[in-house]
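To start, the structure itself, in structure tokens.
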Amino acid sequence: MSEAITVVLVHGAFAESASWSGVIPRLTDAGVAAVATPNPLRSVTTDAENVRRAVEGIGGPVLLVGHSYGGAVITEAAVDNPAVVGLVYVAAFAPDHGENALELTGRFPGSTLGETVRPYPLGDGTHDLVVDRDLFPGQFAADVPAADAAVQARTQRPIRDFALGEPQPAQTPAWRSLPSWFIFGDADKNIPVEGLRFMAERAGAVSITEIPGASHSVMVSQPGAVADLITEAVAHLSR
């Protein structure tokens, strides 16, 4: 590939763009261009359209990287998008058509997220969801320094419950036609590790990296490993 690949990072539920702040400098040091795009967390359909616009604005080949719910978003945003050349899933959902984040989480044992989520009505029959700020560090970021996890708890973006239950729209998800890479921790309390392994294997991932003891916030606690995998994917796609 003659043109340089740009990495577009998409955060997930209960997070925000600064969650990539440890990854971006490492990519920059490796000579990889990267940007973190905001994710409104309203619905898979509209959030994917937001990512598509970000990709269009770059004007060159793009590697999409999604964390958590952001995996569902990049899966949709990459469909029939010739600018997208690959996908990296960071403790992320890789749904098939008709699946959603809630169903995939509940399909396998181990998630304790539901016990920590607090709903706030939006007035249209849907709710914004946040993780209880006091419970967030243990649930979401158990391997992150306590002070940093406390900041994450207070800067988290709420997600609309509709987004987590919305069936994946595309008849053929992008991971069926694009090369993919997966990285996650075996101490993830949000998405069961068995589910993460299932989705990675189903996608026929180029590589699967499982980090012992890493939490759902693997990009915060293990930014070097995440950046290394992204760099590896860029190198693979640039051959």
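All values derive from a computational prediction rather than experimental measurement. All values below come from the heavy atoms of this structure, side chains included, with hydrogens, waters and symmetry mates left out.
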- Message: Going by side-chain contact (heavy atoms from CB on, under 4.5 Å), name the residues that satisfy it together with His97, two or more places apart in sequence or in a different chain.
- Response: Gln171
- Is the backbone N or O of His216 less than 3.5 Å from a side-chain atom of His67, with the two atoms forming a donor-acceptor pair by type? yes
- Message: My understanding is that only residues two or more places apart in sequence, or in another chain, count here; which of them pass salt bridge (charged side-chain N to carboxylate O under 4.0 Å, His left out) with Asp148?
- Response: none
- Message: With salt bridge (charged side-chain N to carboxylate O under 4.0 Å, His left out) as the rule and sequence neighbours excluded, what pairs involving residues 84-112 come up?
- Response: Asp96-Arg176, Glu99-Arg107, Glu99-Arg202, Glu103-Arg107
- Check salt bridge (charged side-chain N to carboxylate O under 4.0 Å, His left out) between Glu194 and all other residues, then give those that pass, not counting sequence neighbours. none
- Message: According to side chain to side chain donor-acceptor pair (under 3.5 Å), who are the partners of Glu201, at least two apart in sequence or on a separate chain?
- Response: none
- Check salt bridge (charged side-chain N to carboxylate O under 4.0 Å, His left out) between Asp186 and all other residues, then give those that pass, not counting sequence neighbours. none
- Query: Counting distance only, does the side-chain N/O of Ser215 pair as donor-acceptor with the main-chain N or O of Ser217 below 3.5 Å?
  - Reply: yes
- Does anything in residues 14-41 pair up under salt bridge (charged side-chain N to carboxylate O under 4.0 Å, His left out), and if so which pairs, sequence neighbours excluded? none
- Message: Whether the side chain of Gln222 engages the backbone of Met219 through a donor-acceptor N/O pair (distance < 3.5 Å, no angle test) should be reported.
- Response: no
- Message: Test your reading of the model: is there a side-chain donor-acceptor pair from Asp47 to the backbone of Leu41, 3.5 Å cut-off?
- Response: yes
- Task: Indicate whether the side chain of Thr45 and that of Glu166 have a donor and an acceptor atom separated by less than 3.5 Å.
- Result: yes
- Message: Show every salt bridge (charged side-chain N to carboxylate O under 4.0 Å, His left out) that has at least one partner inside residues 56-74, sequence neighbours left out.
- Response: none
- Item | Qualifying salt bridge (charged side-chain N to carboxylate O under 4.0 Å, His left out) pairs, either residue in residues 207-233, two or more places apart | Arg197-Glu210
- Item | Ala163: partners by side-chain contact (heavy atoms from CB on, under 4.5 Å), with sequence neighbours left out | Tyr69, Ile159
- Residues joined to Val130 in its hydrophobic cluster, side chain to side chain under 4.5 Å directly or through other members, sorted by chain and number, are Tyr120
- Counterpart residues, side chain to side chain donor-acceptor pair (under 3.5 Å), relative to Arg52 (two or more places apart): Glu49
